[in-house]
Number of protein chains: 2
Amino acid sequence: MPDSAPTSSPASAAEVLNLLRSHGGRVTRSRRVLLEVLFAASEHMNAEEIGAEVARVEPAVNMSTVYRNLEELQQLGVVVHTHLGHGPATYRLASAAHPHLYCESCGATFHLPLDIFEELSDTALRTHGFSVDATHFAIPGRCAACSQS
Amino acid sequence: MPDSAPTSSPASAAEVLNLLRSHGGRVTRSRRVLLEVLFAASEHMNAEEIGAEVARVEPAVNMSTVYRNLEELQQLGVVVHTHLGHGPATYRLASAAHPHLYCESCGATFHLPLDIFEELSDTALRTHGFSVDATHFAIPGRCAACSQS
DNA sequence: GTACCTGCAAATCTTTTGCACGACA
DNA sequence: TGTCGTGCAAAAGATTTGCAGGTAC
């Protein structure tokens, strides 16, 4: 299995299944449903939520299968995971990745445009030769409501 | 026990012990040694490393005691913890807190001056009323060496 | 003396892994 | 048919918690 292939972000579950096949993988029920869930998701979902959603269509999918398939899809570059503060990782399609603010007090999250990281990324690259990944961990802090109390 | 008191960062273990006492806490051997370890630390240490270091002076300190005391000190505002990528949290004196870059490939960390976050913090505050905590989670990415390969 | 701390063991939560069986190509 | 995927159960790692006994003040 190759490392994060720079694929041109597949736009449907069917395309990802083809990609899987072309990498020697097999198309199974749980993979098909997992992908449908991910393509239908509007919000971040953690592994358990994804498993629950998959189970609505395909009961008794095991969490280990969910984790293994999410890992597989991450290696194909189709899926990424993000850490929002403490607690379980959240997963989504790589094409939908973006930076987040995460309130450590109430758990609220806010989406940010990628360019908010521009200056920081440039500085990190210039001073340390370091390439910033702005989407893997949320920026923690306190939201407006929680700052007042 | 009060929430994160805005104390004027104590400069020695003895000062923190006084602070503890003034909050109804007691000065115990494990607390004294834990503080000495933290004041002597030049690098980030995770809970296990701290426990090992404490055990050199005071054998058989239990990890649960280490965790409980670290938590206590965080509530007093004396200690903070930082997450460097996946893996255990690292602890240090709040007065020594600063942002980090963390290489997801080799695990190397780089210290950053706080002002590298200035623009991002300003934007988050202006657009979302959000106060960024730049030290709680490291900025992930790839260091210069790992970017080449 | 009493409230607070500690050790010990067990529980927690998320994620990973070993193994034998079942299914896609 | 042979390889790959799955379920199940158990392990893993980091941290938390309940409880009974010990200690600072």
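We name chains A, B, ... by the order of the sequence lines, and we start the count at 1 in each one. What's counted below: heavy atoms across the whole structure, side chains too, no hydrogens, waters or symmetry copies.
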Given that B/G25 and B/G87 both sit by DNA chain D, which one's nearest nucleotide is further toward the 5' end?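 Counting from the 5' end, the first nearest nucleotide belongs to B/G87.
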Roughly how many Å is it from [atom1] in [X] to [atom2] in [N], rounded to a whole number?
X	N	atom1	atom2	answer
B/H81	D/dT15	NE2	C1'	11 Å
B/H86	D/dA12	NE2	P	21 Å
A/E71	C/dT14	CD	P	19 Å
B/N69	C/dC4	CG	C1'	12 Å
A/R32	D/dG5	CZ	C1'	14 Å
A/M63	D/dA9	CE	P	16 Å
A/L34	D/dT6	CG	P	9 Å
A/E58	C/dG22	CD	C1'	14 Å

For the residue pair A/Y91 and A/H81, categorise the inter-ring angle as parallel (less than 30°), tilted (30 to 60°) or perpendicular (more than 60°).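 Judged by the thresholds at 30° and 60°, the geometry between A/Y91 and A/H81 is tilted.
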Could you check whether the rings of A/F137 and B/H86 sit parallel, tilted or perpendicular, using 30° and 60° as the cut-offs?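 Rings of A/F137 and B/H86: tilted, as their planes differ by 30° to 60°.
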Using OP1 and OP2 only, check whether a side-chain N or O of [X] sits under 4.0 Å from [N].
X	N	value
B/Y67	D/dT16	no
B/S64	C/dT6	no
A/T28	D/dG5	no
B/N46	D/dT15	no

So which nucleotide from C/dG7, D/dA14, C/dA25 ends up closest to the side chain of B/E48?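 Between C/dG7, D/dA14, C/dA25, the one nearest the side chain of B/E48 would be D/dA14.
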Shortest side-chain distance from B/V61, nucleotide among C/dT6, C/dT15, C/dG7: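 The closest nucleotide is C/dG7.
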Within the 4.5 Å heavy-atom criterion, are A/V16 and A/F39 side-chain neighbours or not? yes
Does a donor on one side chain sit under 3.5 Å from an acceptor on the other, for B/H44 and B/H100? yes
By nearest heavy atom, map B/R31 and A/N62 onto DNA chain C; which one lands nearer the 5' end?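 Of the two residues, B/R31 wins.
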A/R68 (side chain) and D/dG7 (base): donor-acceptor pair under 3.5 Å: yes
Can you check whether any acceptor in the base of D/dT3 is under 3.5 Å from a donor in the side chain of A/R26, or vice versa?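 Result: at least one qualifying N/O pair found.
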So, B/H83 versus A/H83, ring centres under 6.0 angstrom or not? no
